[in-house]
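A short worksheet on the structure shown next.
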Amino acid sequence: MHNPGSPGGSQYGEAAHVPLIKSPSLRVPKLVQAPPDIHPLPDSVAPYFVYPYTLEPHIITLESQRQTTLAAQKAHREAVFRRREQAKEQQRLERERIKTLMEEEEERKRKEKLRKVAPGFDPNVGALVPTRVGKAATPASPTASTSTMGIMDAGGSSVSSFAFPPPPAPVKQRDVMADLVDQLAALDAASSSSSSRLL
């Protein structure tokens, strides 16, 4: 057993006698010589770490171009959205106009059918009420000329007009007793005239 305290007793004792061969490709670097005009380090390097917080010109130019491009893209998007909204509004107005025309056409056809039934007839507004559109006859002239009458619908618009014939003369109703008295008087008159002729 080897003694660990002796050079030969160490686990690296055998390596102490191994010769080392220097490679011809390896060499010791030369010592770097500092130039005589080198700037010496100051006592404090704190002033070298102070940034003035100023932007370089190329950063300012790139940022301005980027902002201009973004503004142009935003304006283009807003113009596209505005054109779309205007197109949608025009389509909505056109649909409403077409719908209104269709409703008016259906209403016209409905009124035409009702007019064929009777002028001014409309079951939705109720019965027709005749209204006098000519001059009313005065009580002093019972035999006035024919007056013109018009039919007004529920909305107050004139539908049609026509003429009424003059009213007939009032017939006086006689009493039965008065007729009997008249007949007796006529008989008396006839008998008296016949007796006077005989005399």
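Along the sequence shown, residues are numbered consecutively beginning with 1. Only this structure's heavy atoms are used, side chains among them; waters, hydrogens and symmetry mates stay out. Just so we're clear, the structure is a prediction, and the values are computed from it rather than from any experiment.
Counting only heavy atoms from C-beta outward, the side chains of Q67 and E63 approach each other to under 4.5 Å. Inter-residue side-chain proximity for E104 and E107 is flagged as unmet; no heavy-atom pair is nearer than 4.5 Å. Residues L187 and Q183 have side chains not in contact (no heavy-atom distance under 4.5 Å, counting atoms from C-beta outward).
With rounding to the nearest 0.5 Å, the separation of CD1 in I98 from CG in L93 is 11.0 Å. The structure places CD of E103 at 9.5 Å from CG of L101, a figure rounded to the nearest 0.5 Å.
Using a 4.0 Å cut-off between charged side-chain N and carboxylate O, K109 and E106 make no salt bridge. The residues E112 and R108 are annotated as not salt-bridged, no charged nitrogen and carboxylate oxygen being separated by less than 4.0 angstrom.
More than 12 heavy atoms of other residues, nucleotides or ligands lie within 6.0 Å of CZ in R92, so this atom counts as buried by the packing criterion. By the neighbour-count criterion of 12 heavy atoms within 6.0 Å, atom CG of D43 is sparsely surrounded, having that number or fewer from other residues, nucleotides or ligands.
For the residue pair E94 and Q90, no side-chain donor N or O sits within less than 3.5 Å of a side-chain acceptor on the partner.
The only option from L62, T69, L70, T68 that meets the side chain to side chain contact (heavy atoms under 4.5 Å, CB included) definition with R66 turns out to be L70.
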